[in-house]
Amino acid sequence: MAQHTFQAPTGTRDFYPLDAAQRRFLTESWRAASIRHGFEEVDGPTFEHLDLYTVKSGEGIVSELFSFTRAGGERTYALRPEFTPTLARLFAAKANSLPRPTKWFCTPTFFRAERPQRGRLREFLQWNLDIIGDASPAADAELIATCVTMLASLGFTPKDLRVKINHRAALAEWFNRRGIAEAEHAKILTLLDQKGKMPPGDFAHKLAQFGFTPEMAEVFQRGIIRVEIPAGAGGVTVMGEQVTREQVGGAGHADPVDLTFFAEAVRPLAIELAAAGVIDWIDFDLSIVRGLAYYTGMVFEVHEASGAERAVAGGGRYDNLIELFGGPPTPAVGMGMGDVVLALVMKDKGLMPDEGGLLERAGMRPDVFVISNGTPGAEQQLRPLVAALRRAGMHARHTYKTTRNVGKLLKEAADQRAHVAIIIEDEATCSLKVLATGAQQKVSLAEAVGAAKIARVTTAPGVC
RNA sequence: GUGGCCGUAGCUCAGCUGGUAGAGCACGAGGUUGUGAUCCUUGGGGUCGCGGGUUCAAAUCCCGUCGGUCACCCCA
C-alpha cells in the first residue's frame with residue numbers, strides 16, 4: 001500500500017520553530033501596545049452561527065466563509081472571518097454592566113475562503129482594537145495612537161508608513177451640500193474605492209455622472225488635503241498638502257473647489273491626534289473610503305508610504321453596529337491589523353529581526369547550555385546540574401551528541417543562541433562562559449546555579 | 001470562481017534538441033590541541049509534485065490533476 005502524503009490546506013501555514021517565534025513576536029508586540037494603552041484582552045469562539053455574519057454583511061458573504069454543519073445537525077456554523085460581530089455580541093450581552101468606554105483587544109486567528117495572493121491567506125492572525133461607548137474624536141485619536149505606537153515599537157517611522165484618514169459623515173454632508181441624493185453616496189464611495197484600478201480619464205468620466213467636474217476628480221486623485229491645526233495643540237499648525245483653486249481649476253471656474261467644510265469637520269480629530277503625539281504619521285486623504293457600508297464617521301488605513309503592498313491596518317467608527325447586533329445604541333470605533341501584510345512590510349523595510357532577534361524577542365533563547373568535558377566526574381554532574389538550573393527557573397539545555405569535544409559543544413551552544421555556557425570540569429568545579437563576550441570564570445559546582453543567574457541577568461540584552 | 005508563471009535532496013539550483021539524477025550549502029557521526037575557527041574522514045536523504053499518453057527508452061515531449069505564486073473578483 002503506497003504511503004499517502006498530506007499537504008497543508010491551501011492558504012494555511014505551518015509554523016516551524018522560527019515561524020512560531022516570529023508569530024509570537026508579532027502577537028506579543030500587539031499585546032504589549034494594547035496593554036500599555038489600557039485595553040483589556042478578550043476572545044470568543046473560533047466559530048459562530050452563520051447568521052451572525054449574514055446579519056451585517058448579507059448572504060453574499062457566505063461564499064467567502066468556511067461554513068459547515070455538524071453531521072446530523074441542523075444549524076450552520078462558520079469559522080470566524082472577523083471579530084467585530086463577536087465583539088458586538090459580547091458587548092451587547094453585558095452592555096449594562098460594562099464601563100464606558102470599554103476598551104478591548106484580541107489577537108486571534110481568522111479564516112476566509114478566498115483564493116490566497118500576496119498579503120492574503122485563508123488563515124491569518126489579526127489584531128483587533130475597539131473602543132466602545134465613546135463618540136468623541138478623542139476616542140478616534142486614542143485608537144489610532146495605539147496603532148501608531150505599536151508600529152513605532154517595531155521600528156517604523158512616519159517615513160515608512162502613513163495613516164490615511166477620511167471621514168464618512170463629513171463626506172456625506174459635503175455631498176448633500178452639493179445636492180447629491182443619499183442613494184448616490186454609496187456609488188460614489190465605491191467609485192472612490194476603485195479609483196486606483198482605472199485610468200484617471202475613466203475615473204473623471206465616471207465622477208462626472210454625479211455632477212463632479214474634472215477638477216474635482218483631480219482633487220480626489222491627489223487625495224491629501226490641507227488641515228490647519230491651532231498652534232498649541234501639539235505645536236503643529238499646518239499639515240497636509242495645500243490644494244488651491246488655482247491648482248485644480250482656476251479661481252474663475254464655475255465650480256470652484258472648496259474643501260473648507262471638510263477640513264473644518266476633521267479638525268477636532270486633527271487636534272486630538274496632535275495632542276496624542278502622532279500627527280506626523282497622519283494624512284487626511286479623501287481617497288480612503290474602506291469597502292462597505294457600516295462605517296459612520298472616521299475611517300482610516302495604514303499604508304506603506306510608497307503605496308506598495310496592501311493596507312497594513314484599517315478601521316473606523318461604526319456607531320450603529322452594536323445596536324445592529326442587539327445591544328443598546330452605542331458609539332464605537334475599532335480597527336484590525338493582519339499579520340501577513342505587516343510581516344511583508346517589515347521585511348521590505350528590513351525591520352524583521354533576524355533569527356537570534358526573533359528567538360530573543362519570543363523568549364526562546366536558552367539561558368544556559370551545560371557542557372561536560374567528558375571526564376567521569378564531570379559526566380556524572382551533567383544531568384543534576386541541568387535539573388537544578390531548570391528548578392531555579394532557567395531555560396537549560398545540554399547536548400544530545402556523543403562527542404565531548406568542548407569546541408564543538410561550544411559551537412552548538414552558540415548555534416542554539418544560549419546566553420551562557422557552563423563547562424563542567426570535574427565533580428566539583430566548572431567554568432561559566434558568557435557567550436556574547438567570551439568572558440569566562442571558574443566557580444564551584446555548588447555555586448553554578450547562582451552564578452548562572454547573575455551572569456544571565458547582568459548580560460541579558462534588554463528586551464524592549 | 002477566472003487567467004499568467006512555476007513544481008528536481010531540508011535550502012539554492014544544474015541536468016542541452018529524450019538514453020532510468022548531480023553540485024554547493026545544510027544536517028548526522030567521527031578525528032585533530034579543552035574554548036565558538038579552520039581542516040580531515042564519513043553517513044543519511046529524491047519512485048524528479050501526482051496520474052495518464054507518445055516512445056525501445058521520459059526529470060526532459062503532450063494532456064490532465066494537485067500544489068505554490070502573482071493578478072482579477074472581493075476585501076468585513
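In what follows, every chain begins at residue 1, and chains take the letters A, B, ... in the order their sequences are listed. Every heavy atom of this structure was used, including side-chain atoms; hydrogens, water molecules and symmetry mates were not.
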A:Lys103 side chain to A:His37 backbone, donor-acceptor under 3.5 Å: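 Looks like yes, one N/O pair under 3.5 Å.
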
Any donor-acceptor N/O pair, A:Thr330 side chain to A:Pro328 backbone, under 3.5 Å: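 Yes, the answer is positive, given that a donor and an acceptor are paired below the 3.5 Å cut-off.
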
In whole Å, what is the span from the [atom1] atom of [X] to the [atom2] atom of [N]?
X	N	atom1	atom2	answer
A:Tyr295	B:C75	OH	P	12 Å
A:Glu64	B:C75	CD	C1'	8 Å
A:Asp415	B:A26	CG	C1'	11 Å
A:Arg13	B:G67	CZ	C1'	17 Å
A:Arg122	B:G68	CZ	C1'	13 Å

How would RNA chain B look in dot-bracket form, 5' to 3', counting Watson-Crick and G-U wobble pairs with both distances under 3.5 Å and writing | for bases paired to another strand? (((((((..((((.....[..)))).(((((.......))))).....(((((..]....))))))))))))....

Regarding [X], tell me which of base, sugar-phosphate or nothing describes its non-hydrogen contacts under 4.0 Å with the strands shown.
X	result
A:Thr403	sugar-phosphate
A:Lys408	base
A:Ile423	base
A:Arg115	base
A:Asn405	base
A:Glu412	nothing
A:Gly315	nothing
A:Gly336	nothing
A:Leu409	nothing

Is the closest basic N to carboxylate O distance between A:Asp319 and A:Arg168 below 4.0 Å?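 Salt bridge absent between A:Asp319 and A:Arg168.
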
Quick one: is A:Thr10 getting a side-chain N or O under 4.0 Å of the B:G68 phosphate, OP1 or OP2?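 For B:G68, OP1 or OP2 has a side-chain N or O of A:Thr10 closer than 4.0 Å.
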
Could you tell me whether the phosphate oxygens of B:U35, OP1 or OP2, come under 4.0 Å of any side-chain nitrogen or oxygen in A:Lys411?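 False: A:Lys411 side-chain N/O out of range (4.0 Å or more) of B:U35 OP1/OP2.
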
Looking at the base of [N], is there any donor atom on it, or on the side chain of [X], that sits under 3.5 Å from an acceptor on the other one?
X	N	value
A:Lys433	B:G36	yes
A:Arg112	B:A76	yes
A:Arg118	B:U69	no
A:Gln440	B:U35	yes

Mind checking whether A:Phe124 and A:Phe110 have parallel, tilted or perpendicular rings, split at 30° and 60°?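 Plane angle between 30° and 60°, so tilted.
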
Parallel, tilted or perpendicular: which one describes the rings of A:Phe175 and A:Phe212, with boundaries at 30° and 60°?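 Correct class here is perpendicular.
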
Rounded to the nearest 0.5 Å, how far does CG of A:Leu26 lie from CE of A:Met346?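 If we round to the nearest 0.5 Å, A:Met346:CE and A:Leu26:CG are 6.0 Å apart.
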
Residue A:Arg290, side-chain atoms from C-beta onward, closest of B:A76, B:C75, B:U69: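 The listed nucleotide nearest to A:Arg290's side chain is B:A76.
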
Is it true that atom CD of A:Glu40 has more than 12 heavy atoms of other residues, nucleotides or ligands lying nearer than 6.0 Å?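 No, not enclosed.
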
Given that A:Glu425 and A:Lys401 both sit by RNA chain B, which one's nearest nucleotide is further toward the 5' end?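 It is A:Lys401 whose nearest nucleotide is closer to the 5' end.
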
RNA chain B: A:Leu65 or A:Ala8, which has the more 5' nearest nucleotide?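 The residue whose closest nucleotide sits nearer the 5' end is A:Ala8.
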
Under 6.0 Å between ring centres, would you say that holds for A:Tyr77 and A:His49?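 Yes, they do, as the ring centres are separated by less than 6.0 Å.
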
Have a look at A:Phe47 and tell me which of A:Phe68, A:Phe66, A:Tyr53 forms a ring-ring contact (aromatic ring centres under 6.0 Å, His included) with it.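 Exactly one option meets the ring-ring contact (aromatic ring centres under 6.0 Å, His included) with A:Phe47, and it is A:Phe68.
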
Span that lies between the C1' atom of B:C40 and that of B:C48, in whole angstrom: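 Rounded to whole Å, the distance is 33 Å.
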
